[in-house]
Novice: 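Before we start, here is the structure in question, set down as structure tokens.
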Amino acid sequence: MSKIIQHPLPFWEERENAPIEMLVLHCSAHTPLEMIGVLSERRLSAHYIIGEDGQILQLVPEEKRAWHAGESFWRGKKMLNRYSIGIELSSLSMGQAAYPATQIKALSNLCRQIMARYGIRPQNVVAHSDVAPTRKPDPGMAFPWQKLADKGIGLWYDLTDAAKVAEDDVAVLLAQIGYDVSDLAAASYAFCRHFAPQYVQKIGDIDTLIENVYPADFALSAECLPILQACAWKYNHIK
Ligand SMILES: [Zn+2]
């Protein structure tokens with residue numbers, strides 16, 4: 001792996017003994033240097049930024065709490081900056097067009113190392129959109145979750161598992177995976193961004209994307225239900 005460039009930002013705090021058990025993946029429609037400017041202006045941070053060319057910058061030491069996830073929820077835990085490492089991907093399309101292979105390779109190597117260091121479970125490798133579904137769309141519909149899951153980074157479903165699940169209530173199943181379902185349309189849309197992007201509308205306008213516009217009445221279609229069931233099974237049967 002190419003050398004990680006240190007570019008420290010002062011926007012962090014102590015973890016106060018919270019264990020590191022999650023990886024939150026983000027993207028922004030900026031080059032890495034622009035991103036550092038934007039984060040600094042807003043007094044935000046992430047542990048790492050990865051450029052489209054695969055170059056990795058480290059902004060905050062892993063043992064410190066970076067400010068990247070904001071108000072967030074996953075599998076019973078809230079305010080996930082305490083428990084997570086945050087990685088920002090530079091993506092000028094904001095995850096609407098395929099990520100470059102070099103960038104994904106650098107990301108995969110980094111994720112694998114971090115997961116091994118802290119024993120992070122694949123259930124806890126998430127999108128910012130998974131943990132803040134009403135607010136955030138990143139890292140976007142084109143993020144290659146299945147490819148990463150093949151390498152043990154996050155989980156992907158096996159459709160044959162759907163038959164093992166009797167539950168057919170969408171909210172119950174989404175909650176079993178880890179979503180906050182208090183806004184069911186948002187949680188359903190976030191699920192599709194991650195696992196069923198064929199049901200997500202591709203948006204070219206970055207400002208619209210940043211506003212996380214999703215159909216207020218969005219509901220999972222009947223044909224998507226087996227994907228949801230298969231995911232719920234996987235998330236609860238992997239050690
Ligand atoms: Zn984000």
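For clarity, every value in this text was computed on a predicted model and none was experimentally measured. As the structure lists them, so they are numbered: ligands from 1, and atoms in each ligand from 1.
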Novice: Could you check which N/O/S atom of His128 is closest to the Zn ion (ligand 1)?
Specialist: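 Of all N, O or S atoms belonging to His128, ND1 is the one nearest the Zn ion (ligand 1).
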Novice: Tell me whether the Zn ion (ligand 1) has His68 as a neighbour, meaning an N, O or S atom of it below 2.8 Å.
Specialist: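 His68 does not place any N, O or S atom closer than 2.8 Å to the Zn ion (ligand 1).
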Novice: What atom name does the N, O or S atom of His26 nearest to the Zn ion (ligand 1) carry?
Specialist: ND1
Novice: Examine Glu88 and say whether one of its N/O/S atoms is closer to the Zn ion (ligand 1) than 2.8 Å.
Specialist: no
Novice: Let me know which of Ile49, Ile87, Asp138 forms a side chain to side chain contact (heavy atoms under 4.5 Å, CB included) with His26.
Specialist: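 When side chain to side chain contact (heavy atoms under 4.5 Å, CB included) is applied between His26 and each of Ile49, Ile87, Asp138, only Asp138 qualifies.
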Novice: Salt bridge or not for Lys78 and Glu71, using N-O below 4.0 Å?
Specialist: no
Novice: With under 30° as parallel and over 60° as perpendicular, where do the rings of His194 and Trp156 fit, or are they tilted in between?
Specialist: parallel
Novice: Any side-chain to backbone donor/acceptor pair from Trp74 onto Gln123? Under 3.5 Å, distance only.
Specialist: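 Side chain of Trp74 to backbone of Gln123: a pair is present.
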Novice: Are Glu13 and Lys64 within salt-bridge range, i.e. N to O under 4.0 Å?
Specialist: no
Novice: Taking just the N, O or S atoms of Asp138, which one is nearest to the Zn ion (ligand 1)?
Specialist: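 Minimum-distance N/O/S atom of Asp138 relative to the Zn ion (ligand 1) is OD2.
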Novice: Please determine whether Cys27 has a backbone or side-chain N, O or S atom lying under 2.8 Å from the Zn ion (ligand 1).
Specialist: no
